[in-house]
Amino acid sequence: MSRLHDTFQQLKDNHKKALIPYITAGDPSPFMTVPLMHEMVAAGSDIIELGVPFSDPMADGPTIQRASERALQHAIGLRDVLSMVEQFREQNSQTPIVLMGYLNPIEVMGYETFARLAAESGVDGVLIVDMPPEETGALTGYLKANQLDMIFLLAPNSTSERIEKVVSIASGYLYYVSLKGVTGAGHLDLDSVDQKMQQIRSMTDMPVGVGFGVKNSETAQSIGRLADGVVIGSALIERIESCLDTPESAIPAVSELLKSIRTGLDSI
């Protein structure tokens with residue numbers, strides 16, 4: 001079984017919810033990413049989503065777009081991100097790592113090469129925002145051959161047919177986007193999230209993480225009552241962005257927010 005499967009199973013056995021933070025690799029600097037990842041684990045994170053910087057995102061709001069721009073100014077590419085995962089694995093062999101990004105860098109590298117290098121570096125799963133399930137055939141085969149999970153997004157307007165298609169090929173967990181729009185936008189409609197979660201759970205027993213709009217311990221706690229995991233990204237990037245003059249101060253800033261969210265989730 002994969003690290004993702006084992007992690008969700010252990011959390012379920014212990015009646016806990018997964019805390020899944022997102023940061024962009026290379027932001028605020030290439031040298032800060034691995035220390036940030038370790039600190040996120042120390043603060044109570046269960047899975048890390050590591051963003052691959054991309055120049056033309058379609059799902060990311062302004063906050064994460066700026067994080068990608070800062071990383072790209074440091075010339076961070078996909079191979080650099082894989083190298084960061086490899087460095088992280090030198091001290092941590094347990095925490096699952098999911099790469100989140102867009103298809104273009106993977107297309108350039110080549111599906112087979114990407115899957116092999118990702119597995120060798122210690123990646124556990126891949127979430128490609130702009131790759132619909134209908135077009136995943138070749139890549140899915142390479143990912144499965146390298147024991148990598150393929151994670152998909154579901155949205156408020158996902159139909160039953162769409163959900164069925166996604167769950168037939170997805171593994172690891174499902175990422176439910178809690179609102180229409182980009183990351184960091186809008187306000188959570190918990191009733192709507194609850195209704196959609198019931199629909200998804202009627203079709204699969206795969207764990208579901210919820211993101212987009214989770215900003216603090218209170219919203220995380222509300223979502224945690226409905227989902228198996230809570231994904232938080234823009235709020236963390238905002239903490240990092242506030243520390244650009246002193247990048248090393250991003251570590252305690254991120255840690256403080258994650259610890260408060262961990263406390264909230266554990267109180268459910």
Side-chain angles (χ1 to χ4, degrees), residues 1-12 18 20 22 25 37 46-52 54 58-59 77-89 92-155 158-177 200-211 227-229 231:
M1 292 294 180
S2 70
R3 269 187 287 241
L4 283 168
H5 176 275
D6 290 345
T7 294
F8 275 108
Q9 187 61 55
Q10 290 170 11
L11 289 165
K12 183 178 180 179
I20 310 172
Y22 167 97
M37 293 168 70
D46 301 293
I47 298 163
I48 294 174
E49 287 187 357
L50 188 60
V52 180
F54 187 57
M58 64 177 65
L78 181 52
R79 289 181 183 271
D80 300 298
V81 178
L82 295 177
S83 178
M84 292 172 185
V85 176
E86 189 173 4
Q87 292 174 49
F88 176 79
R89 286 285 176 237
N92 185 313
S93 62
Q94 299 299 320
T95 305
I97 303 296
V98 173
L99 295 189
M100 185 171 183
Y102 296 85
L103 181 59
N104 187 270
I106 296 173
E107 286 271 8
V108 171
M109 179 177 285
Y111 293 171
E112 184 175 10
T113 299
F114 166 72
R116 175 176 56 80
L117 293 180
E120 289 175 357
S121 69
V123 170
D124 298 282
V126 180
L127 197 168
I128 305 170
V129 176
D130 56 344
M131 181 172 238
E134 292 83 2
E135 299 179 14
T136 60
L139 178 57
T140 300
Y142 290 122
L143 294 178
K144 286 184 176 179
N146 286 276
Q147 289 80 52
L148 294 170
D149 287 313
M150 191 159 193
I151 298 146
F152 286 90
L153 298 172
L154 290 172
S158 294
T159 64
S160 293
E161 292 77 17
R162 188 67 169 181
I163 297 170
E164 184 177 9
K165 175 68 174 178
V166 166
V167 301
S168 70
I169 57 176
S171 61
Y173 62 97
L174 299 168
Y175 186 140
Y176 176 63
V177 175
I200 294 170
R201 290 192 189 284
S202 72
M203 304 177 71
T204 181
D205 59 1
M206 197 179 307
V208 183
V210 175
D228 301 293
V231 183

Report all side-chain donor-acceptor pairs from residues 129-139 shorter than 3.5 Å, counting only partners two or more places apart or in another chain.
from   : atom 1 : to     : atom 2 : distance (Å)
Asp130 : OD1    : Leu103 : N      : 2.9
Glu134 : OE1    : Arg162 : NH1    : 3.1
Glu134 : OE2    : Arg162 : NH1    : 2.4
Thr136 : OG1    : Pro133 : O      : 2.9
Thr136 : OG1    : Thr140 : OG1    : 3.3

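- Counting heavy atoms from C-beta on, the side chains of Leu117 and Arg79 come closer than 4.5 Å.
- Smallest separation of non-hydrogen atoms from Ile151 and Ser171: CG1-O, 3.6 Å.
- Qualifying side chain to side chain donor-acceptor pair (under 3.5 Å) partners for Ser160, counting only residues two or more places apart in sequence or in other chains: Gln199.
- When all heavy atoms of Val210 and Ala227 are compared, the closest pair comes out as CG2-CB, 3.5 Å.
- Counting only heavy atoms from C-beta outward, the side chains of Ile20 and Tyr175 never approach each other to under 4.5 Å.
- Remark: Tyr142 pairs with no residue by the ring-ring contact (aromatic ring centres under 6.0 Å, His included) rule, at least two apart or across chains.
- For the pair Phe88/Thr95, a side-chain contact is recorded, criterion being any heavy-atom separation below 4.5 Å from C-beta on.
- A search for side chain to side chain donor-acceptor pair (under 3.5 Å) contacts involving Tyr22 returns Thr24, not counting sequence neighbours.
- No side-chain heavy atom of Val126 sits under 4.5 Å from any side-chain heavy atom of Met150.
- The aromatic rings of Tyr102 and Phe54 sit parallel to each other, their planes meeting at less than 30°, with 60° as the upper class boundary.
- Residues forming a ring-ring contact (aromatic ring centres under 6.0 Å, His included) with Phe114 (at least two apart in sequence, or on another chain): none.
- Applying the side chain to side chain donor-acceptor pair (under 3.5 Å) test to Glu112 and every residue at least two apart in sequence or in another chain returns nothing.
- In terms of the side-chain contact (heavy atoms from CB on, under 4.5 Å) criterion, residue partners of Ser83 (sequence neighbours excluded) are, by chain and number, Gln87.
- Listed by chain and residue number, nothing satisfies the side chain to side chain donor-acceptor pair (under 3.5 Å) test with Ser158 (two or more places apart in sequence, or in another chain).
- For the pair Asn92 and Met37, the minimum side-chain heavy-atom distance is 4.5 Å or more.
- In this structure Tyr111 satisfies the ring-ring contact (aromatic ring centres under 6.0 Å, His included) test with no other residue, sequence neighbours excluded.
- Among residues at least two apart or in separate chains, salt bridge (charged side-chain N to carboxylate O under 4.0 Å, His left out) pairs with a member in residues 114-125 are Arg3-Asp124, Arg89-Asp124, Arg116-Glu120.
- Here Asp228 pairs with Arg201 under the salt bridge (Lys or Arg N to Asp or Glu O under 4.0 Å) rule; sequence neighbours left out.
- Of all heavy-atom pairs spanning Leu4 and Pro96, the tightest one is CD2-CB, 3.5 Å.
- Looking at heavy atoms from C-beta onward, Thr204 lies out of side-chain contact with Val166 at the 4.5 angstrom threshold.
- Scanning for ring-ring contact (aromatic ring centres under 6.0 Å, His included) contacts around Phe152 gives an empty result, with sequence neighbours left out.
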